[in-house]
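Just so we're on the same page: letters track the sequence lines, and every chain starts at 1.
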Amino acid sequence: MDILADLNPPQRQAVEAVEGPLLILAGPGSGKTRVITHRIAHLTTIWDIKPHRIMAVTFTNKAAREMKERLSVLMGERAKSLTVGTFHAICASILRRDGAAAGIDPKYVIYDDADQLALMKRCMQELCIDPKTHPPKPLLSAISRAKSQLLSPGDCSLRIESYFEEVLHRVYTHYQDLLSANHALDFDDLLMMTHHLFDKHPDVLSKYQSRYLHVLVDEFQDTNITQYALLRQFAGKHRNICVVGDPDQSIYSWRHADIRNILNFGKDYSEAKTVYLEQNYRSTKGILAAAHGVIAVNRDRIDHGLWTENEEGSPITIVKAPSETSEAQFVVGEIQRLMASGEARARDCAIMYRTNAQSRVVEECFVRYGIPYQLVGSIRFYERREVKDMIAYLRVLHNPFDGISLLRIINTPARNIGQKTVERLSQLAQSQGVPVFVALQRLLQSSEVPAGLTSRAVRALEAFWELITQLIAESQEMDLVDLLDAVINKTGYQTYLDNLEDGGERWENLLELRGLANEYAALGPAEGLAAFLEGVMLFSDTDELDEKRDVATLITLHQAKGLEFPVVFILGVEEGVLPHSRSLNDRSQMEEERRICYVGMTRAKKRLYLVRATERRLLGEMKSNPPSRYLRDIPGNLCQEIDLNWSMDTCAPPETKQRQAEYDAGDYVRHAKFGDGVIVSCAPTRDDQELLIAFEKVGMKKLLASVAPLERMSSPELLDD
DNA sequence: CGAAAGGCTCTTTTT
DNA sequence: GAGCCTTTCG
């Protein structure tokens with residue numbers, strides 16, 4: 001197989017530049033994943049690099065999985081020994097293997113958002129900080145920001161400039177203490193602690209540096225400072241680091257992605273080569289031009305060419321609906337029409353929106369009209385109560401120091417351990433400075449009942465202790481699936497679910513979890529449990545997306561990055577929704593909103609619909625939003641407009657008209673009465689344009705584009721007649 | 001002790 | 001409208 005055969009010249013250049021650092025700037029649809037996979041295949045075949053000496057880092061599990069699939073097509077079995085994974089997954093396994101040097105328990109557990117929140121509440125309680133005056137979430141997000149920049153609690157104490165920062169410092173310090181007391185790491189810790197480990201233990205670092213001859217990174221524009229620092233550590237010895245990115249698709253600044261990384265790359269690796277991938281293989285010319293119209297407005301960007309040899313394609317359809325219901329109905333009708341005409345199947349269609357909340361109306365509508373669909377990741381699998389409960393049990397068995405999990409399941413299902421008892425128990429743990437698990441053990445060993453506890457409560461705790469210790473013993477020798485079954489049975493969880501209203505559905509979820517556990521069977525008891533817990537925490541539901549089923553996809557614009565569909569509907573193209581209201585007063589956030597829109601538009605291969613509702617329910621209140629500013633930035637000649645407001649009462653088919661209102665300053669026009677003229681300026685109004693026209697014969701006139709009897713003139717010669 | 005009801009806040013995007 | 005917390009009742 002000739003790996004270079006069907007690559008265009010820049011792609012080939014990117015694949016063949018194997019020595020030294022390489023920056024690939026790749027526009028949407030330019031084949032960047034292809035370049036990465038072919039580059040790896042090229043390295044392993046032509047240059048005979050052993051696959052286990054190559055690391056490819058992605059952001060999502062889905063991207064990692066796809067890359068592995070494509071690589072095994074190119075390389076076969078050899079692909080298995082490549083390191084392909086997300087930053088988080090790669091770091092998690094490094095810490096499990098080598099973290100002990102930095103004081104990390106190999107049996108550490110990973111805390112997700114919910115766990116973090118629980119821990120933060122506990123933390124604030126212990127510090128006597130009122131969660132009303134200092135809401136936990138902003139504090140957590142500030143801590144996350146610090147960790148994304150490699151700032152330890154100590155570093156944060158160096159520049160305390162406000163009361164908030166003072167509180168932050170105290171909270172951050174204690175939060176880290178609690179994490180470590182629980183033998184737990186949060187998502188950001190996985191990265192920061194790995195960096196820390198490498199920083200303090202050159203021997204460990206050197207092991208990885210020597211092993212990895214080549215490091216490749218996808219979606220480089222989304223890396224944060226910590227991730228970039230990690231990459232530099234990995235590539236520190238051989239300096240063969242290849243990063244692929246597109247600044248125009250940077251939409252994760254809220255997760256502390258730092259665009260400066262792209263700029264710094266050239267400084268940190270002054271010998272770096274740069275390759276531009278500018279040919280788009282995905283979209284029609286029309287879609288590309290429309291998307292360019294939107295993104296070109298951004299100030300903080302370098303305009304680079306993006307072109308395609310694809311056909312011009314259908315016009316972009318801009319739809320004005322009276323409400324979010326009719327917005328959804330339009331989508332249904334249009335999908336039905338496309339399916340009936342054979343132009344598209346359900347699976348060719350994607351419905352994209354800014355916020356998850358928007359999906360509900362669409363979902364209801366799809367159910368009513370029987371359009372098959374899949375909703376991508378609004379409720380994460382492992383965030384479901386029953387799944388979290390089961391995982392909490394397994395975590396406690398794996399690592400009894402995990403107090404957050406222990407307290408979660410201590411009375412689930414109910415076993416007569418009330419709130420008071422739990423509170424008393426965690427107080428005991430805190431005052432003795434030991435984990436809850438140990439405090440419980442001590443309490444039960446001592447002959448006297450501590451103050452504040454009834455003997456009844458102690459009996460209940462004893463029963464719980466028996467249950468857990470017995471399960472821990474079993475976890476040492478039982479296979480994972482058997483262990484899970486044992487937990488479900490001995491805790492009475494199944495009976496508990498049976499008595500619940502929606503128990504059936506929840507039981508299904510546990511069966512799914514069981515199926516997942518089955519995949520770790522080969523690893524044996526303890527190791528299987530560890531790997532399962534790691535996998536389940538880092539597993540994201542976006543991975544659920546199944547391209548094989550013939551169903552339409554409902555997805556947020558963020559999650560849509562990296563995907564493509566023949567037909568794309570973007571909903572809520574309104575001021576306040578896209579761009580989102582929370583970004584309106586911040587210029588750099590507004591630029592990001594624009595990139596989000598750009599990402600959505602460039603997902604479309606053949607057809608693109610931009611739909612808005614003149615009125616929609618927001619915050620429980622009816623709101624009427626003006627059309628998104630992005631609509632104005634799309635050249636009018638690329639569009640066709642549908643106004644559903646007109647068809648409401650009359651039941652007439654939706655009126656379609658070529659958008660004539662779109663004029664630009666400098667256009668030449670002929671007016672039925674005033675004769676020929678040139679447009680001096682045009683001011684957009686709600687649905688129209690107010691034109692200032694200099695007429696040859698009658699001078700300046702102010703006219704509305706939609707009502708004035710104007711005709712566009714193609715060339716200025718006519719004026720000179 | 002647990003379940004149910006009422007009141008409160010806050011709504012972006014996710015590894 | 002939803003999730004979270006607190007209060008209230010059985």
Side-chain angles (χ1 to χ4, degrees), chain A residues 57-64 85-92 110-114 116-118 121 131-132 135-138 140-141 144 147-148 185-192 219 222-224 226-227 250-257 324 352-361 364 376-380 382-383 385 411-422 454 456-457 460 499-501 534-543 555-561 572 576-584 586 589 592-593 595-597 599-600 616-622:
Chain A
V57 192
T58 64
F59 266 81
T60 64
N61 296 296
K62 184 167 63 62
T86 63
F87 276 101
H88 296 269
I90 289 173
C91 289
I110 301 168
Y111 275 5
D112 70 2
D113 308 25
Q116 286 185 60
L117 198 61
K121 284 177 183 163
K132 293 251 161 60
K137 274 203 199 147
L140 277 171
S141 135
S144 170
K147 290 182 177 179
S148 303
L185 300 176
D186 65 20
F187 282 128
D188 299 306
D189 281 340
L190 293 175
L191 309 174
M192 192 176 69
E219 308 281 16
D222 290 333
T223 50
N224 62 36
T226 300
Q227 286 163 330
S250 156
I251 56 174
Y252 283 100
S253 71
W254 53 274
R255 243 175 62 189
H256 315 120
E324 70 258 57
M352 303 179 184
Y353 33 81
R354 179 66 174 81
T355 64
N356 271 312
Q358 290 169 255
S359 69
R360 214 187 59 248
V361 180
E364 281 164 9
V376 179
S378 66
I379 324 135
R380 289 188 241 316
Y382 65 81
E383 272 175 19
R385 199 173 321 146
N411 198 36
T412 313
R415 49 176 76 90
N416 297 318
I417 301 173
Q419 224 172 8
K420 277 263 154 56
T421 312
V422 172
T454 61
R456 202 187 127 171
N499 294 326
L500 249 55
E501 191 110 341
E534 190 175 296
V536 98
M537 290 315 291
L538 299 173
F539 172 85
S540 104
D541 33 270
T542 343
D543 311 358
I555 194 167
T556 64
L557 287 162
H558 279 87
Q559 291 182 116
K561 192 165 72 154
V577 180
L578 183 69
H580 194 273
S581 53
R582 295 224 350 194
S583 302
L584 290 174
D586 182 304
Q589 277 195 71
E592 180 146 321
E593 293 290 322
R595 294 193 290 270
I596 293 168
C597 184
V599 165
R616 79 167 60 235
R617 245 187 144 72
L618 270 172
L619 287 118
E621 208 98 14
M622 225 36 166

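- Of the possible donor and acceptor atoms, none in the side chain of Q227(A) sits under 3.5 Å from a partner among the backbone N and O of F87(A).
- The main-chain N or O of K147(A) is found under 3.5 Å from a side-chain atom of T226(A) such that the two form a donor-acceptor pair.
- Considering all non-hydrogen atoms of both residues, S253(A) and E592(A) come closest at OG-OE1, 2.8 Å.
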Between N or O atoms, less than 3.5 Å apart, protein on one side and nucleotides 7-11 of chain B on the other: list the pairs.
residue	atom	partner	partner atom	Å
dT11(B)	O5'	R582(A)	NH1	3.1

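- Without hydrogens or angle criteria, H88(A) side chain to L190(A) main chain gives no donor-acceptor distance under 3.5 Å.
- Using a 4.0 Å heavy-atom criterion, one finds that Q589(A) contacts the bases of the nucleic acid, with or without backbone contacts as well.
- Interatomic distance, OG1 of T556(A) versus NZ of K561(A), reported as 11.5 Å (0.5 Å rounding).
- When rounded to the nearest whole Å, the span between NE2 of H88(A) and P of dT15(B) equals 9 Å.
- Put simply, Q559(A) has a side-chain N or O that comes within less than 4.0 Å of OP1 or OP2 on dT14(B).
- For the side chain to side chain donor-acceptor pair (under 3.5 Å) test, residues two or more places apart in sequence or in another chain that qualify with Y111(A) are D402(A).
- On a pure distance criterion of 3.5 Å, a polar donor-acceptor pair joins the side chain of W254(A) and the base of dT13(B).
- Between I251(A) atom CD1 and dT15(B) atom P there is a gap of 12 Å when expressed in whole angstrom units.
- Counting non-hydrogen atoms under 4.0 angstrom, R617(A) reaches nothing in the nucleic acid.
- Looking at the side chain of F187(A), the nearest of the listed nucleotides dT15(B), dC4(C), dT13(B) is dT15(B).
- The 5' end of DNA chain B is approached more closely, in terms of each residue's nearest nucleotide, by E593(A) than by the other of E593(A) and A89(A).
- In this structure, the NE2 atom of H256(A) is 13 Å from the C1' atom of dT12(B), given to the nearest Å.
- Among the atoms of the strands shown, only primed sugar atoms or phosphate atoms (P, OP1, OP2) are found under 4.0 Å from some heavy atom of F59(A).
- Listed nucleotides: dC5(C), dT15(B), dT12(B). Nearest to the side chain of K121(A): dC5(C).
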Interface polar pairs with nucleotides 1-4 of chain B, N/O, under 3.5 angstrom:
residue	atom	partner	partner atom	Å
dC1(B)	OP1	G418(A)	N	3.2
dC1(B)	OP1	T421(A)	OG1	3.1
dG2(B)	OP1	N411(A)	ND2	3.3

Quick one: the dot-bracket string of DNA chain B, using Watson-Crick and G-U wobble pairs with both distances under 3.5 Å, [ ] for crossing pairs and | for bases paired to another strand.
-> ||||||||||.....

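- Counting all heavy atoms, side chain and backbone alike, A63(A) lies closest to T58(A) at CB-CB, 3.9 Å.
- Distance CD (E534(A)) to C1' (dT15(B)): 13 Å, rounded to an integer number of Å.
- Atom-to-atom distance recorded for T355(A):OG1 and L618(A):CG is 8.0 Å, nearest 0.5 angstrom.
- Here dT13(B) is the nucleotide among dG1(C), dT13(B), dT15(B) with the atom lying nearest to any side-chain atom of R354(A).
- In this structure, the separation between CG on L117(A) and CG on L140(A) is 6.0 Å, given to the nearest 0.5 Å.
- If you take CG of D113(A) and P of dG3(C), they are 16 Å apart, rounded to a whole angstrom.
- dT13(B) atom P lies 10 Å from atom CD1 of I596(A), rounded to whole Å.
- Protein atom CG of N224(A) is 13 Å distant from nucleotide atom C1' of dT14(B), rounded to whole Å.
- Judged as a side chain to side chain donor-acceptor pair (under 3.5 Å), and not counting sequence neighbours, the contacts of R354(A) are E593(A).
- In this structure, L117(A) places its CG atom 15 Å from P of dG3(C), rounding to the nearest Å.
- Distances shown here put a side-chain N or O of N356(A) below 4.0 Å from the OP1 or OP2 atom of dT13(B).
- In this view, D188(A) and S144(A) satisfy the side chain to side chain donor-acceptor pair (under 3.5 Å) rule, not counting sequence neighbours.
- Residue K62(A) places no side-chain N or O under 4.0 Å from the OP1 or OP2 atom of dT15(B).
- The line from CD of Q589(A) to CH2 of W254(A) is 12.0 Å long, rounded to the nearest 0.5 Å.
- Across all non-hydrogen atoms, the minimal contact from G600(A) to L557(A) is CA-CD2, 3.6 Å.
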